[in-house]
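Everything on this sheet refers to the single structure shown next.
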Number of protein chains: 2
Amino acid sequence: MTRVRLVDVAREAGVHPGTASRALNPAARDGVSRRTVRRVELVAQRLGYVPNTLARGLRTSRSFVVALVIPDITNPLFPQIVRGAEQVLSEAGYTLVLTDTNNDPATEGSQVAAMSARGVDGFIVATARWEDATLDDLAAVGTPTVLVNRRNAAGLFPYIGADDRRGVDLCVDHLTALGHCAILHLGGPANTSTARDRSDAFRQSMRAHGLSGDLSIAGASYTEQAGAEAVRAALQQGMDFTAIVAANDLLALGAAQALAERGITCPADVSITGYNDIDFMSRLSPPFTTVRVPLRRMGELAAQTLLAWLDGRPPDAATQVLLPVKFMERGTTARVAVPVR
Amino acid sequence: MTRVRLVDVAREAGVHPGTASRALNPAARDGVSRRTVRRVELVAQRLGYVPNTLARGLRTSRSFVVALVIPDITNPLFPQIVRGAEQVLSEAGYTLVLTDTNNDPATEGSQVAAMSARGVDGFIVATARWEDATLDDLAAVGTPTVLVNRRNAAGLFPYIGADDRRGVDLCVDHLTALGHCAILHLGGPANTSTARDRSDAFRQSMRAHGLSGDLSIAGASYTEQAGAEAVRAALQQGMDFTAIVAANDLLALGAAQALAERGITCPADVSITGYNDIDFMSRLSPPFTTVRVPLRRMGELAAQTLLAWLDGRPPDAATQVLLPVKFMERGTTARVAVPVR
DNA sequence: CAATCTAACGCAATCGTTTGTGCATCCCGT
DNA sequence: ACGGGATGCACAAACGATTGCGTTAGATTG
């Protein structure tokens, strides 16, 4: 029960395979009479012809496959992006290949190489590090690539992100309005743009409020555990603060845990803001105050940008799209407590 | 800057492309002298040769790609499975293509067709319905396919799941031990095996305890909203119960919400058990009592089963693997309240 | 009516591998 | 020294589509 090939259709329709190919390809249909087109189409339909994508890809060197590179599918941040991209791509007849790098640069490199060998048409990368050799390689070869969520130093690829500056501003505005002055920034791993951007924004925002933005620590990774460790260390050192602006929801969760271990309650003693508004942040208790980022939309936009590129409309160098964010005031922030001592 | 091909390697090494091919292929290396093998390997390395997977696939009709079909990537259940499968497959040199059907059978059909055209070697399907035309097609063509999480009526494909019978038993045992007699089953959509299996198990388990297992309703889908709606309707009808055994965590969340709307508190008034132990169930308040299912392990096992098949070791017809589950006693279940009235 | 043009299609090369077959070359034994 | 296996490699035909170019036949023009 071998699949029906173009030759079979051609024979059945009484034409040459080449002609059948053109008849079936809307873009090359000029050189073929309307009658022949109709006949071939009919036969193809009747026989249930479905073109062999490998053979086509070999000849045309286009595969209609796009790879999406993410660090960890179990981080609820990414499924949203995946979903947005997946929908746009599949509507355009593209297939999405997902590869999970497990947060490991080496894995990322080999995965990307494997995808290239497989002839993917382009990449959407959500794992960018600030200095990123994999991206440099991609840029050197000229593979169409779009960055989402994180960007890199080189800035050679278009980037779809969110307005982190404003997101952090909103957090700081909110907290200062509640009377907080001693605000600690819990940043992300230094080799990511999100950590840099949010940390810079924090410093500037604090300064704009006439406060010092120097109270700052960082998690080793964007995980709950890293957040807890960082805050534990800060407490150990005797850092004094009434609020924490975390660079990420998971870090914020870890912070809350570290505080709880010390008997410090949130928000009564210390307020916390997260970042991203991951799905279940609103149902924790207390529900988490955080910044909503349009993750799904980012995925869609990244896909659209890449599609345009693949369609012959490359983006302006280093296009950056920053989507608007929304502050979600919930239960982990409260008016600063009157100092007891 | 075109990629280096096998011909380039062959020319550089002074051999025929065919010979180079064999030299580079460990399985066909017999007909080639050790010296030549070494020389070709060296040249290949030096030139940075990486074989064109499309061309190879065209010739060998193997693509080393496996498609994983899931209903909705944003349901936290699935990323775990994806991750397990992804790891096993990538270690074996396979690429995982993810396709999200958005819970729509038609989408599923066209996605699977597209994947077949693309020449994937096999499928892992997590979307099986009890009567499933897509799976029947796959079976008719003989495409290697493994079912995970849900199975279908035909039973022609191996299935990797969890021990639902026992999982439900544990819930019922736990609740009856707490004194509950009027237990409501909140089942899933009828066209899924998980709904059938868990519902059957509930009925039998109740009977084994000398209770009636007839108190049963069903959600239209495995979503929070469907769970809430079903329980709202049950309350409207005046159904009387002190505990709910839900077929799924999301349904359980919906149930909790519907109860809360009526001022019924959990677990003081009504106990609830979930199913699957999705990531954040333990951090809700109260933390959810549920049944932990080894999702990641299921993904791994499904991938291994498929790999074995692709490697020429097809599974016994209708193999079923049921992984052990673990009862997670947490905060949503309590001793039955002494009736007030 | 001859010359020219154009529409419609056939021909064959091509994409980069894999693999069945056949030709040398070499070694060994008698 | 010669026949007979091995052994090691080259040759060329696939896999299934796309596409530049050549060819034919019919329409058009002067």
Side-chain angles (χ1 to χ4, degrees), chain A residues 1-41 43-44 47-65 93 114 116-121, chain B residues 1-41 43-44 47-65 93 114 116-121:
Chain A
M1 249 280 277
T2 172
R3 287 238 318 259
V4 30
R5 298 157 304 163
L6 185 58
V7 207
D8 305 323
V9 174
R11 190 188 316 116
E12 190 75 10
V15 300
H16 188 273
T19 306
S21 172
R22 287 181 237 260
L24 259 19
N25 181 351
R29 202 167 278 173
D30 328 334
V32 184
S33 72
R34 304 182 67 78
R35 280 192 12 147
T36 310
V37 167
R38 196 174 297 278
R39 186 153 35 96
V40 172
E41 273 179 337
V43 173
L47 264 49
Y49 169 68
V50 25
N52 182 321
T53 321
L54 264 63
R56 173 182 294 168
L58 180 58
R59 178 60 222 244
T60 62
S61 62
R62 292 215 36 186
S63 62
F64 290 92
V65 174
S116 295
R118 193 140 277 154
V120 301
D121 290 338
Chain B
M1 248 282 277
T2 174
R3 287 236 319 258
V4 31
R5 298 156 304 163
L6 185 57
V7 204
D8 304 325
V9 175
R11 189 185 319 116
E12 191 75 9
V15 300
H16 189 272
T19 306
S21 172
R22 288 181 236 260
L24 258 18
N25 181 351
R29 203 166 277 173
D30 328 336
V32 185
S33 73
R34 304 181 66 79
R35 279 189 17 141
T36 309
V37 167
R38 197 175 295 277
R39 186 153 36 97
V40 172
E41 272 178 337
V43 173
L47 264 47
Y49 169 67
V50 25
N52 181 321
T53 321
L54 265 61
R56 172 182 294 168
L58 179 59
R59 178 61 223 247
T60 62
S61 62
R62 291 213 40 185
S63 62
F64 291 91
V65 174
S116 295
R118 192 140 276 154
V120 301
D121 290 338

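Residue numbers start from 1 in every chain, and the chains themselves are labelled A, B, ... in the order their sequence lines are given, proteins ahead of strands.
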Problem set entry | Nearest-angstrom distance from the residue atom CZ of B:Arg11 to P of C:dT17 | 12 Å

For this session: Could you pick out which residue, A:Val37 or B:Val50, lies toward the 5' side of DNA chain C when each is mapped onto its nearest nucleotide?
Result: A:Val37

For this session: Look at the side chain of A:Arg29 and the backbone N and O of A:Ala23, then say whether any donor-acceptor pair between them is shorter than 3.5 Å.
Result: yes

For this session: Give one of base, sugar-phosphate or nothing for B:Ser21, where a contact means two heavy atoms less than 4.0 Å apart.
Result: base

Exercise. C:dT17 C1' sits how many Å from B:Arg62 CZ, rounded?
Worked result: 15 Å

Exercise. Is A:Thr36 touching bases, backbone alone, or none of the nucleic acid, heavy atoms closer than 4.0 Å?
Worked result: sugar-phosphate

Problem set entry | Shortest non-hydrogen contact between A:Leu6 and A:Ala20, atoms and distance | CD1-CB, 3.9 Å

Exercise. C:dT17, C:dC15, C:dG10: which one has an atom nearest the side-chain heavy atoms of B:Arg5?
Worked result: C:dT17

Problem set entry | Between C:dC15 (P) and B:Arg3 (CZ): distance, integer Å | 14 Å

Exercise. More 5' along DNA chain C: B:Asn52 or B:Ala28, using each one's nearest nucleotide?
Worked result: B:Asn52

For this session: Could you check how far CG of B:Leu24 sits from P of C:dT19, rounded to whole Å?
Result: 13 Å

Exercise. What is the distance, rounded to the nearest whole Å, between atom CG of A:Leu58 and atom C1' of D:dT19?
Worked result: 14 Å

Problem set entry | 4.5 Å side-chain heavy-atom contact, A:Leu58 and B:Asn52 | yes

Exercise. For the side chain of A:His16, counting heavy atoms from C-beta on, which of D:dA17, D:dA10, C:dA12 is nearest?
Worked result: C:dA12

Problem set entry | For B:Leu47 against B:Val4, the heavy-atom pair lying closest together | O-CG1, 3.3 Å

Exercise. B:Asn25 CG to C:dT18 P: how many Å, rounded?
Worked result: 7 Å

For this session: Round to the nearest Å and state the distance from A:Arg34 atom CZ to C:dA7 atom P.
Result: 15 Å

Problem set entry | Whether B:Thr53 side chain and A:Ala117 backbone form a donor-acceptor pair below 3.5 Å | yes

Exercise. Any N or O donor-acceptor pair linking the side chain of A:Arg59 to the base of D:dT18 at under 3.5 Å?
Worked result: yes

Exercise. Per the atom types in the model, does the base of D:dG20 pair as donor or acceptor with the side chain of A:Arg22 at under 3.5 Å?
Worked result: yes

Seminar exercise, completed: Out of D:dC15, D:dT19, C:dA8, minimum distance to the side chain of A:Ser33 belongs to C:dA8

Exercise. Whole-Å distance between C:dG16 C1' and A:Arg118 CZ?
Worked result: 15 Å

Exercise. With a 4.0 Å cut-off on heavy atoms, is B:Gly14 in touch with a base, just the backbone sugar-phosphate, or nothing at all?
Worked result: sugar-phosphate

Problem set entry | First of B:Val32 and B:Ala55 reached from the 5' end of DNA chain D, by closest nucleotide | B:Val32

